[in-house]
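This report refers to the structure that appears directly beneath it.
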Amino acid sequence: MITRSNLADQLREYQIRSKYEWPSLPFFSSTSNISSSRVDVVVSVLWELIILAFLVFSAVSLYFRCMRLAFCLICIAALLLVCLKITKQVRLARKRKRRMLLPLSM
């Protein structure tokens, strides 16, 4: 049953969450207009730096003609990129679900 105090708590939580929002990162993202929290931005930047490091290390290993190592590093970077996409989709689904808990009149 929906009570007035329940609605007030949900509205308060929603206002607190929406107060600290940053613009989302357009890099590796198909939707750049969805806002993100500070934690989301930091996590995404860390993932992107790790992926970039793996790609740089694979280029260096190609320079030294270590084909197996370069291939492994590129595969790890691709796997991390897929994980980044999946975690971003899960996070967006959670946010949408939280928004749907509030009544439409709010």
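We number each residue from 1, following the sequence as shown. Fair warning: this is a prediction, and the values are worked out from it, not measured in the lab.
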- Derivation of the side-chain contact (heavy atoms from CB on, under 4.5 Å) call for Val45 and Leu49: CA-CA 6 Å; Val45 167; Leu49 288 175; 4.1 Å; yes

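- The distance from the CZ atom of Phe54 to the SG atom of Cys72 is 11.0 Å, given to the nearest 0.5 Å.
- Put simply, OG on Ser61 and CE on Met67 are 8.5 Å apart, with the number rounded to the nearest 0.5 Å.
- Using a 4.5 Å heavy-atom threshold, the side chains of Ser58 and Phe71 count as separate.
- In the hydrophobic cluster analysis, where Ile, Leu, Val, Met, Phe, Trp and Tyr join through side-chain heavy atoms closer than 4.5 angstrom, Ile74 is grouped apart from Leu81.
- Clustering ILVMFWY residues whenever any of their side-chain heavy atoms sit less than 4.5 angstrom apart, transitively, puts Leu79 in a cluster other than the one holding Ile76.
- For the atom pair Thr87 OG1 and Arg91 CZ, the distance stands at 5.0 Å (nearest 0.5 Å).
- Separation of atoms CD (Gln89) and CG (Leu84) is listed at 10.0 Å; rounding is to 0.5 Å.
- Counting side-chain heavy-atom gaps under 4.5 Å among Ile, Leu, Val, Met, Phe, Trp and Tyr, the cluster of Val82 also holds Ile86, Val90.
- Taking 4.5 Å as the limit, every side-chain heavy atom of Arg4 sits out of range of all side-chain heavy atoms of Asp9.
- For the atom pair Ile51 CD1 and Leu46 CG, the distance stands at 11.0 Å (nearest 0.5 Å).
- Clustering ILVMFWY residues whenever any of their side-chain heavy atoms sit less than 4.5 angstrom apart, transitively, puts Leu73 in the very cluster that holds Leu80.
- To the nearest 0.5 Å, atoms CZ (Arg98) and CZ (Arg94) are separated by 8.0 Å.
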